[in-house]
**Student:** 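Once you've had a glance at the structure underneath, I'll fire off some questions.
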There are 2 protein chains.
Amino acid sequence: MNIAIVGLGVIGGTFAKAIRSHNEDHRIMAIDTNLETLKLAQDEGFIDHGETVNKTVLQQADLVIFALYPEVMKEYVRTHQNDFKAGAIITDTTGVKRTVIASMADVIPEQVDFIFGHPMAGREKRGFEYADASVFEGANYVITPTDRNKQENIDWFKDFLSHLGFKRVTMTDANTHDEMIAHTSQLTHAIAVALINSDDRSHETIRFIGDSYRDLTRIANMNEKLWPELFMNNKDHLITYIERFEEALRELKTAIQDDDAHKMEQIFKESTARRVKLQESDLRVK
Amino acid sequence: MNIAIVGLGVIGGTFAKAIRSHNEDHRIMAIDTNLETLKLAQDEGFIDHGETVNKTVLQQADLVIFALYPEVMKEYVRTHQNDFKAGAIITDTTGVKRTVIASMADVIPEQVDFIFGHPMAGREKRGFEYADASVFEGANYVITPTDRNKQENIDWFKDFLSHLGFKRVTMTDANTHDEMIAHTSQLTHAIAVALINSDDRSHETIRFIGDSYRDLTRIANMNEKLWPELFMNNKDHLITYIERFEEALRELKTAIQDDDAHKMEQIFKESTARRVKLQESDLRVK
């Protein structure tokens with residue numbers, strides 16, 4: 001099978017590495033504007049062929065994986081409408097789905113099947129050199145099918161993802177995806193940013209941190225070009241979940257202010273029970 | 001040297017394991033109400049001797065490490081005032097310092113030197129079986145000296161901690177400790193609890209989480225008997241930092257509501273710069 005990855009950053013790179021390590025038979029091609037990245041990926045054996053601008057890659061690819069910013073992807077698909085192979089499966093890795101699916105509708109060419117998806121696995125660092133196939137192991141994947149998708153292609157793609165190490169491949173509608181992601185991904189990033197930015201004594205903080213602070217601020221390393229777009233494209237759900245979180249924090253704050261140990265105990269028992277449940281049903285929870 | 005650990009839970013157990021793995025010459029004794037734990041620790045070679053109630057341990061110990069809840073420790077020291085060896089160094093591992101130091105002042109016997117300290121390294125799970133010496137490697141330790149401490153004992157204790165793997169041993173006053181910890185430890189726990197408790201669809205969430213959600217909720221597994229006391233004993237600083245965090249989150253929320261991509265970019269650049277700085281100066285940051 002001929003697979004093309006468009007955009008060989010940390011996500012595209014993780015696909016290349018995961019495909020290579022699990023399916024040695026596939027031919028992996030990549031398109032990236034950075035020639036050095038393509039050379040590195042080829043020297044390390046993760047891709048078989050690379051092009052900085054498409055000449056032959058899209059024409060050969062049975063599967064095209066886009067790992068580009070949403071707006072860049074749309075423009076790319078529009079420009080290359082006639083270059084895709086007939087019957088090819090195309091997929092994206094974008095973190096919001098309603099706006100992307102709506103926006104892409106009029107640029108997807110007839111001859112391909114565009115299956116929208118989202119790997120719930122990433123890294124806060126940018127660039128192919130930080131790609132690590134192990135982050136897909138045991139991770140979640142969400143597919144948001146449209147009316148245009150063929151069931152046999154979706155089934156094939158789910159199977160393909162399972163072979164890359166993904167544990168749960170969930171099919172859902174775009175709105176449900178966006179709502180859930182507002183809580184599990186966007187809110188967590190907003191919290192990490194607010195936590196590290198609320199520190200007024202950062203030159204001393206380094207001497208007082210433990211693993212909790214390290215863990216909660218890891219994702220504060222944000223791609224500032226990507227995230228504003230993701231947040232604005234999911235504004236309704238994200239604001240709802242920020243406000244739910246604010247309310248939960250306010251409830252705890254009130255208990256502290258009132259020296260209400262009993263209320264705090266209830267809150268901590270609830271959080272502990274939820275976390276234990278999470279741990280029991282998720283492979284990647286430490 | 002004879003070392004006694006009082007309370008062989010996850011923190012006491014980590015001391016036993018770290019001391020054993022770094023200083024083979026020390027004789028390690030433990031007091032714990034759970035006989036099974038003592039047997040396990042002895043069978044695994046981490047302690048040389050254990051007692052469920054003190055008979056000979058305190059009388060022999062040159063160093064006593066308390067890993068008990070604050071109130072329990074106070075009662076224990078009061079009851080055993082006459083059992084400590086003359087000249088012994090005693091230390092605690094309590095997460096708040098102003099109230100504990102004030103509360104302990106009238107029960108510390110004359111013949112010992114009580115050095116208050118706080119390892120900035122823990123685990124969200126309870127019990128000796130979760131103790132892991134590696135959590136001390138590269139971690140921070142804070143010592144809050146009092147007027148009664150002898151400088152030579154503090155110097156010795158700092159050196160002892162460095163040998164257990166701690167990277168930075170910081171000396172500061174109790175108020176500064178409590179203020180910094182309000183941000184780095186207590187606020188982070190409050191956030192994790194509020195995040196997981198604000199989830200209204202937890203049976204589905206499991207299919208949508210990535211590592212950010214796993215990391216941010218890890219510490220939501222809270223010991224509900226310990227934390228209310230820690231929070232209430234640091235209420236002033238904790239409320240201040242919760243409110244600073246609320247303000248930072250509100251600022252981001254406003255930018256999202258206003259579709260203010262430029263403001264978001266600024267906020268994300270700031271958080272990224274802070275996180276990169278943290279990473280450059282901390283051993284344990286991944």
Side-chain angles (χ1 to χ4, degrees), chain A residues 120-121 140 168 170 180-181 183-185 188 190-191 193-199 202 205-210 212-222 224 227-228 231-232 235 238-239 242 244-245 248-249 252-253 256 259 261 264-265 267-272 274-275 281-282 284-285, chain B residues 120-121 140 168 170 180-181 183-185 188 190-191 193-199 202 205-210 212-222 224 227-228 231-232 235 238 242 244-245 248-249 252-253 256-257 259 261 264-265 267-272 274-275 281-282 284-285:
Chain A
M120 307 306 305
N140 288 318
R168 284 191 185 82
T170 297
M180 298 304 286
I181 253 50
H183 176 68
T184 59
S185 170
T188 53
I191 287 171
V193 165
L195 173 62
I196 204 163
N197 282 357
S198 70
D199 178 10
S202 55
T205 304
I206 187 71
R207 306 186 72 86
F208 292 86
I209 60 172
S212 61
Y213 195 77
R214 296 182 184 98
D215 281 359
L216 266 74
T217 59
R218 179 179 63 82
I219 54 172
N221 188 332
M222 301 269 283
E224 79 275 2
W227 283 93
F231 277 14
M232 288 185 295
K235 184 166 139 176
L238 177 54
I239 295 293
I242 288 177
R244 291 180 59 88
F245 168 77
L249 186 59
L252 177 54
K253 186 172 86 167
I256 300 166
D259 290 320
M264 275 187 261
E265 264 193 57
I267 292 173
F268 298 157
K269 274 187 188 167
E270 175 69 23
S271 70
T272 298
R274 285 169 179 248
R275 175 62 186 178
S281 48
D282 184 87
R284 285 183 62 87
V285 166
Chain B
M120 307 306 305
N140 290 317
R168 285 193 185 83
T170 297
M180 299 302 288
I181 253 49
H183 177 68
T184 60
S185 170
T188 52
I191 287 170
V193 165
L195 172 63
I196 205 162
N197 282 358
S198 70
D199 179 11
S202 57
T205 303
I206 187 70
R207 305 185 74 87
F208 292 86
I209 62 172
S212 61
Y213 194 77
R214 295 181 184 100
D215 280 0
L216 267 75
T217 58
R218 178 179 61 85
I219 54 172
N221 188 332
M222 302 269 283
E224 79 275 1
W227 282 92
F231 276 14
M232 288 186 292
K235 184 169 142 175
L238 178 55
I242 288 177
R244 290 180 59 87
F245 168 77
L249 186 59
L252 176 56
K253 186 172 86 170
I256 300 165
Q257 280 169 325
D259 289 322
M264 273 188 260
E265 263 193 58
I267 292 172
F268 298 157
K269 274 187 188 168
E270 174 69 24
S271 71
T272 298
R274 285 168 180 250
R275 176 60 185 180
S281 48
D282 183 88
R284 285 183 63 88
V285 166

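We name chains A, B, ... by the order of the sequence lines, and we start the count at 1 in each one. Worth saying up front: this structure is predicted, and the values here are computed from it rather than measured.
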**Student:** Would you indicate whether the side-chain heavy atoms of B:Asn140 and A:Phe208 approach each other to under 4.5 Å?
**Tutor:**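 Not touching, per the 4.5 Å side-chain cut-off.
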**Student:** Who wins among A:Asn197, A:Thr170, A:Thr188 for the most heavy-atom pairs under 4.5 Å with chain B?
**Tutor:**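 So the answer, after comparing A:Asn197, A:Thr170, A:Thr188, is A:Asn197.
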**Student:** Within the 4.5 Å heavy-atom criterion, are B:Asp215 and A:Ile219 side-chain neighbours or not?
**Tutor:**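 No; the side chains remain at least 4.5 Å from each other.
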**Student:** Given heavy-atom pairs under 4.5 angstrom as the criterion, report whether the side chain, backbone, both or neither of A:Ala261 touches chain B.
**Tutor:**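 Contact with chain B: backbone and side chain both.
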**Student:** Side-chain contact test, heavy atoms from C-beta onward, threshold under 4.5 Å: evaluate it for B:Ile242 versus A:Ile256 and give yes or no.
**Tutor:**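 Yes, at least one pair of side-chain atoms sits under 4.5 Å.
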**Student:** Quick check on the interface: out of A:Arg244, A:Met120, A:Met232, who has the most heavy-atom pairs with chain B under 4.5 Å?
**Tutor:**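 Looking at each option in turn, the highest pair count goes to A:Arg244.
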**Student:** Where does A:Leu216 contact chain B at under 4.5 Å (heavy atoms): side chain, backbone, both or neither?
**Tutor:**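 Contact with chain B is through both the backbone and side chain of A:Leu216.
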**Student:** Quick check on B:Ile181 against chain A: is it the side chain, the backbone, both or neither that has a heavy atom closer than 4.5 Å?
**Tutor:**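 Contact with chain A is through the side chain of B:Ile181 alone.
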**Student:** Working to the nearest 0.5 Å, report the span between CZ of B:Arg274 and CG of A:Leu195.
**Tutor:**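 Spacing of CZ (B:Arg274) from CG (A:Leu195) equals 10.0 Å.
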**Student:** Is there a side-chain contact between B:Arg168 and A:Ile206, using heavy atoms and a 4.5 Å cut-off?
**Tutor:**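 Result yes, sub-4.5 Å side-chain heavy-atom pair found.
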**Student:** Might you point out which heavy atoms bring A:Arg275 and B:Thr217 nearest each other, and give the distance in Å?
**Tutor:**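 Reported closest heavy-atom pair: NH1-OG1, 2.8 Å.
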**Student:** Taking the side chain as C-beta and beyond, is there a heavy-atom pair between A:Ile209 and B:Met180 under 4.5 Å?
**Tutor:**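 Not touching, per the 4.5 Å side-chain cut-off.
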**Student:** With a 4.5 angstrom heavy-atom cut-off, could you sort out which part of A:Leu252 is near chain B: side chain, backbone, both or neither?
**Tutor:**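 Side chain only.
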**Student:** Please rank B:Met264, B:Glu270, B:Lys269, B:Lys253 by heavy-atom pairs under 4.5 Å with chain A and give me the top one.
**Tutor:**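 The answer is B:Lys253.
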**Student:** When heavy-atom pairs shorter than 4.5 Å are enumerated against chain A, which of B:Ser271, B:Ala248, B:Pro228 gives the highest number?
**Tutor:**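 Looking at each of B:Ser271, B:Ala248, B:Pro228 in turn, B:Ser271 comes out on top.
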**Student:** Specify which of B:Ala190, B:Gly210, B:Ser185, B:Ser198 makes the most heavy-atom pairs with chain A at under 4.5 Å.
**Tutor:**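 The residue among B:Ala190, B:Gly210, B:Ser185, B:Ser198 with the greatest pair count is B:Ser198.
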**Student:** Are A:Glu224 and B:Ile267 packed together at the side-chain level, in the sense that at least one heavy-atom pair is separated by less than 4.5 angstrom?
**Tutor:**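 Sidechains of B:Ile267 and A:Glu224: no contact.
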